A.B. asks: 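Please find one structure pasted underneath; my questions will follow.
In this text, all values refer to a predicted model and were calculated from it rather than measured experimentally.
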Amino acid sequence: MTTENPYTALLQHPILGDIRLEANQRGISRLVFSLPAFRSGDLPAGRIVSTSDRLAKVAEELLAYLAGTPVQFSLPPDWQAFSGFRLRVLQAAWHIPFGGVLSYGQLAGQLAAPGAARAVGAALGSNPMPLIIPCHRVLGANGSLHGFSAPGGLATKAWLLALEGHSLRPGNPPRLEKDKNGNFS
């Protein structure tokens with residue numbers, strides 16, 4: 001823990017394992033999986049240890065999300081660590097709602113950067129707050145799964161999408177359609 005990220009919350013999830021949230025005065029700064037110094041069994045599943053009431057609340061919200069409840073996190077990300085295209089990509093991904101998905105190309109299009117699907121993927125690949133900034137909601141153009149840095153990789157990405165109501169059988173990718181309000185569902 002540094003003075004830049006003075007607040008920490010630790011929790012354990014039965015599927016994702018050990019999770020550490022870090023925050024500062026501006027917001028959430030990191031979400032880290034499977035810490036060597038914090039192992040399963042050190043903390044019972046569902047228990048939270050935190051240095052801040054605000055971050056403990058976010059950890060509770062994260063556990064609720066991982067139980068299948070749509071959640072709007074009460075503490076936003078700290079956006080100051082990002083700039084340029086990466087900032088725009090991460091902010092756009094942050095706004096994809098529970099149960100919604102976009103393709104990398106659709107996200108690039110939203111950013112007025114058609115043809116930048118690979119750059120979108122690279123920006124999402126450097127996401128320091130998976131789950132908080134839901135990069136798992138971004139898929140290939142045909143609904144295929146690509147890259148996810150959490151333990152379990154694509155299997156975890158598929159599990160998270162299934163948690164949000166998507167059926168991920170071969171030949172049945174999540175829908176990439178706009179609803180009546182122009183949002184992707």
Side-chain angles (χ1 to χ4, degrees), residues 2 4-5 8-11 13 15-24 26-36 38 58-59 61-62 65-66 71-73 75-166 168 170 173-176 183-185:
T2 67
E4 177 61 21
N5 298 316
T8 302
L10 304 173
L11 57 133
H13 184 264
I15 294 174
L16 295 181
D18 311 322
I19 301 171
R20 180 178 69 201
L21 288 167
E22 295 179 7
N24 56 43
R26 294 179 299 273
I28 301 167
S29 52
R30 287 183 70 201
L31 184 147
V32 183
F33 295 99
S34 298
L35 302 168
F38 177 68
V58 173
E61 293 163 350
L62 183 58
Y65 163 74
L66 292 170
V71 170
Q72 178 68 41
F73 293 106
L75 189 60
D78 172 11
W79 298 114
Q80 277 193 337
F82 313 108
S83 61
F85 187 73
R86 182 178 180 213
L87 172 64
R88 293 175 48 222
V89 168
L90 294 175
Q91 286 179 327
W94 187 57
H95 286 95
I96 301 170
F98 183 98
V101 291
L102 289 175
S103 71
Y104 294 95
Q106 287 170 322
L107 191 56
Q110 278 190 355
L111 300 171
R118 287 182 188 263
V120 165
L124 293 174
S126 67
N127 177 6
M129 297 169 258
L131 307 181
I132 303 297
I133 298 175
C135 54
H136 64 277
R137 296 176 184 156
V138 183
L139 309 172
N142 65 355
S144 59
L145 303 182
H146 294 273
F148 193 59
S149 62
L154 295 182
T156 300
K157 186 172 187 169
W159 180 82
L160 290 167
L161 290 168
L163 176 79
E164 295 186 19
H166 294 287
L168 295 174
R175 293 186 329 259
L176 295 173
N183 299 314
F184 287 94
S185 58

A.B. asks: Please round to the nearest 0.5 Å and tell me the distance separating atom CZ of Phe33 and atom OG1 of Thr156.
C.D. replies: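 The CZ atom of Phe33 sits 7.5 Å away from the OG1 atom of Thr156.
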A.B. asks: Which atom names give the shortest non-hydrogen contact between Ala123 and Leu90, and what distance separates them?
C.D. replies: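 So the minimum-distance heavy-atom pair works out to O-CD2, 4.0 Å.
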A.B. asks: Evaluate the side-chain proximity of Leu131 to Phe73: yes if any heavy-atom separation is below 4.5 Å, no if none is.
C.D. replies: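 A side-chain contact is absent here, since even the closest heavy-atom pair is not under 4.5 Å.
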A.B. asks: Which heavy atom in Arg20 sits nearest to a heavy atom in Leu10, and how many Å separate them?
C.D. replies: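 Smallest interatomic distance, heavy atoms only, reads CG-CD2, 3.5 Å.
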A.B. asks: Could you tell me whether the side chain of Asn127 and the main chain of Ile133 form a donor-acceptor pair under 3.5 Å?
C.D. replies: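 Pair found, side chain donor or acceptor close to backbone of Ile133.
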A.B. asks: To the nearest 0.5 Å, what is the distance between CG (Asp18) and NE2 (His13)?
C.D. replies: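 It comes to 12.0 Å.
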A.B. asks: What closest approach, in Å, do Ala117 and Ala108 show between heavy atoms, and which atom pair accounts for it?
C.D. replies: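 Smallest heavy-atom distance, with atoms named: N-CB, 4.0 Å.
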A.B. asks: Under the criterion side chain to side chain contact (heavy atoms under 4.5 Å, CB included), which of Val89, Val101, Leu124 is the partner of Val138?
C.D. replies: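 Running side chain to side chain contact (heavy atoms under 4.5 Å, CB included) over Val89, Val101, Leu124 with Val138 returns exactly one hit, Leu124.
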A.B. asks: If you compare all heavy atoms of Ile132 against all heavy atoms of Pro77, which two are closest, and at what distance to 0.1 Å?
C.D. replies: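 Taking Ile132 first and Pro77 second, the nearest heavy atoms are CG2-CG, 4.2 Å.
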A.B. asks: If you count every heavy atom of other residues, nucleotides or ligands that lies below 6.0 Å from Arg118 atom CZ, does the total exceed 12?
C.D. replies: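 No, because the 6.0 Å sphere around CZ of Arg118 holds 12 heavy atoms or fewer from other groups.
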A.B. asks: If every non-hydrogen atom of Ala59 is compared with every non-hydrogen atom of Leu11, which pair is closest and at what distance?
C.D. replies: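 That would be CB-CD2, 3.7 Å.
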A.B. asks: In terms of ring plane angle, is the pair Tyr104 and His146 parallel, tilted or perpendicular, where the classes change at 30° and 60°?
C.D. replies: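 Perpendicular: the ring planes of Tyr104 and His146 meet at over 60°.
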A.B. asks: With the side chain counted from C-beta on, respond yes when Trp159 and Leu66 share a heavy-atom pair under 4.5 Å apart, and no when they do not.
C.D. replies: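 The answer is yes; the side chains approach within 4.5 Å.
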A.B. asks: So, the side chain of Arg26 versus the backbone of Gln80: is there a donor-acceptor pair under 3.5 Å, distance only?
C.D. replies: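 No; zero donor-acceptor contacts below 3.5 Å.
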A.B. asks: Of all the heavy-atom pairs spanning Ser103 and Ala141, show the shortest one and how long it is.
C.D. replies: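 Of all heavy-atom pairs spanning Ser103 and Ala141, the closest is CB-CA, 4.0 Å.
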A.B. asks: What is the distance from atom CH2 of Trp94 to atom CZ of Arg137, rounded to the nearest 0.5 Å?
C.D. replies: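 Going from CH2 on Trp94 over to CZ on Arg137, the span is 12.0 Å.
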A.B. asks: Atom CG in Leu154, atom CG in Leu145: separation rounded to 0.5 Å?
C.D. replies: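 Nearest 0.5 Å value for the CG-CG distance: 5.5 Å.
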A.B. asks: What's the spacing between Ile96 CD1 and Gln106 CD if we round to 0.5 Å?
C.D. replies: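 CD of Gln106 is found 9.5 Å from CD1 of Ile96.
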A.B. asks: Short question: side chain of His136, backbone of Ala158 - any donor-acceptor pair under 3.5 Å?
C.D. replies: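 No, because the side chain of His136 does not come within donor-acceptor range (under 3.5 Å) of the backbone of Ala158.
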A.B. asks: Decide yes or no for Lys157 and Leu139: does some side-chain heavy atom of the first lie under 4.5 Å from some side-chain heavy atom of the second?
C.D. replies: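 Yes, their side chains come closer than 4.5 Å.
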A.B. asks: If we only count heavy atoms from C-beta on, is the Ser126 to Phe82 side-chain gap below 4.5 Å?
C.D. replies: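 The answer is no; the side chains never approach within 4.5 Å.
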A.B. asks: Answer whether the closest heavy-atom distance between the side chains of Tyr65 and Leu160 falls below 4.5 Å.
C.D. replies: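 With C-beta onward as the side chain, the pair touches.
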